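As structure tokens, the structure follows; a few thoughts come after it.
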Amino acid sequence: MIIDCYDVETDPIIHLRDFYGEQKHIVDTCMILFSKEIYEHLLCTYKCEEIAQFNACNGKIPIYKLLYKDTYIAFYLSMIGSAMASTLCCEANWLIGATKFIMFGSCGSLNKGQTEGKFIIPTESYRGEGCSYYFAKPKDYIQIKNSHKLAKLFGEMRVPYVLGKVWTTDSMIRETVGLVAKRKAEGCIAVEMELAGVQAVCDFYNFQLYNFLESGDVVMASGYEYEGLHNANHNLGKLYIALEIAKRI
């Protein structure tokens with residue numbers, strides 16, 4: 001069973017050294033992007049230098065760095081989903097030495113009244129995916145450790161936000177009426193697809209994760225609203241929030 005996958009008693013067989021050689025130390029802070037439009041905006045707006053590449057049989061993903069207000073910040077366009085986003089986070093640490101990650105993307109709101117017009121800072125995430133069970137003891141929820149530190153930064157920047165639980169799912173087309181009702185009853189205000197796994201990886205390797213979300217679509221038992229999804233995915237406003245966070249941490 002998936003809950004039996006947390007094994008810290010024996011050694012891993014495969015190591016990143018096997019693929020990439022010795023670990024590099026180039027940049028301390030890295031942004032995890034999910035929007036191609038935000039990614040291309042950075043490449044067009046700032047002087048960006050490619051500093052590493054993720055290698056895979058289906059293609060290579062570059063990692064860049066830029067200078068923002070005297071601070072070097074790395075970034076890359078992540079694959080979507082807990083398993084792949086978590087793997088790339090591990091590899092980014094090995095390739096460039098980053099230990100502080102700012103991850104921001106879109107999510108589905110489970111409570112439009114609470115989330116509308118505000119960014120979401122998750123405090124816990126329901127582990128409805130698989131990757132986290134390899135990096136953390138089995139529990140229903142994983143704590144998002146830097147949520148209150150991030151909330152303080154949002155307050156200093158006067159950015160509207162709401163704190164709350166979220167649900168990490170591996171399959172957006174299996175967000176059923178029953179599962180939505182369960183998560184809402186537990187206090188979840190949004191659903192997304194990466195956080196539980198990435199937080200588990202960061203806890204396991206002692207990285208620091210700062211995550212915030214912007215709701216676009218609304219997932220309700222009575223139906224699905226998707227009109228705000230494109231803007232939530234590609235809103236440049238959250239990029240500049242992330243850059244300020246990267247500078248301040």
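Computed from a predicted model, the values in this text were never measured in an experiment. Here, residue 1 is the first one in the sequence, and each next residue gets the next number.
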Check against side-chain contact (heavy atoms from CB on, under 4.5 Å), Asn55 and Glu91:
CA-CA 10 Å; Asn55 295 327; Glu91 293 190 24; over 6 Å; no
Where do Ile245 and Phe212 land on the side-chain contact (heavy atoms from CB on, under 4.5 Å) test, with the steps shown first?
CA-CA 11 Å; Ile245 292 166; Phe212 67 97; 3.8 Å; yes
Could you check Ile102 against Ile32 for side-chain contact (heavy atoms from CB on, under 4.5 Å), going step by step and ending with a plain yes or no?
CA-CA 6 Å; Ile102 301 100; Ile32 301 174; over 6 Å; no
Go through the steps to decide whether Val198 and Met103 satisfy the test side-chain contact (heavy atoms from CB on, under 4.5 Å), and finish with yes or no.
CA-CA 9 Å; Val198 176; Met103 184 170 75; 4.0 Å; yes
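In summary, of the residues considered (Leu195, Asp140, Thr169), a side-chain contact (heavy atoms from CB on, under 4.5 Å) with Tyr126 occurs for Asp140 alone.
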Side chains of residues 109-120: which donor-acceptor pairs under 3.5 Å do they make with residues two or more places apart or in other chains?
from   : atom 1 : to     : atom 2 : distance (Å)
Ser109 : OG     : Asn111 : N      : 3.1
Ser109 : OG     : Asn111 : O      : 3.3
Ser109 : OG     : Lys112 : N      : 3.3
Ser109 : OG     : Thr115 : OG1    : 2.7
Asn111 : OD1    : Gly113 : N      : 3.4
Asn111 : OD1    : Gln114 : N      : 3.2
Asn111 : ND2    : Gln114 : OE1    : 2.9
Lys112 : NZ     : Glu225 : OE1    : 3.1
Thr115 : OG1    : Asn111 : O      : 3.2

Could you list the donor-acceptor pairs under 3.5 angstrom formed between side-chain atoms of residues 58-77 and any protein atom two or more places apart in sequence or on another chain?
from  : atom 1 : to     : atom 2 : distance (Å)
Tyr68 : OH     : Glu244 : OE2    : 2.7
Lys69 : NZ     : Glu244 : OE2    : 2.6

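Of the inter-residue distances, the one linking Ser35 atom OG with Leu236 atom CG reads 7.5 Å to the nearest 0.5 angstrom.
Note that Lys165 lies in the cation-pi zone of Tyr141, set by a 6.0 Å cut-off to the ring centre and a 45° limit from the axis.
For the residue pair Ser106 and Asn233, a side-chain donor N or O sits within less than 3.5 Å of a side-chain acceptor on the partner. Side-chain contact, Thr168 with Ser125: a donor N or O sits under 3.5 Å from an acceptor N or O. When only modelled atom types and interatomic distance are considered, Gln199 and Asn211 share no side-chain donor-acceptor pair under 3.5 Å.
Ring to ring, Trp94 and His25 are not that close: their centroids are 6.0 angstrom or more apart. For Phe207 and Phe101, the gap between ring centers is short of 6.0 Å.
Looking at heavy atoms from C-beta onward, Leu95 lies out of side-chain contact with Lys24 at the 4.5 angstrom threshold. Looking at Glu214 and Asn235, their side chains come closer than 4.5 Å, going by heavy atoms from C-beta outward.
Note on Leu16 and Tyr205: same hydrophobic cluster, where clusters join Ile, Leu, Val, Met, Phe, Trp and Tyr whose side-chain heavy atoms are under 4.5 Å apart, directly or indirectly.
By the 6.0 Å contact criterion, CE on Met157 is enclosed, its count of non-hydrogen atoms from other residues, nucleotides or ligands being greater than 12.
Annotation: salt bridge (Lys or Arg N to Asp or Glu O under 4.0 Å) contacts involving residues 186-210, sequence neighbours excluded, comprise Lys145-Asp203, Arg183-Glu186.
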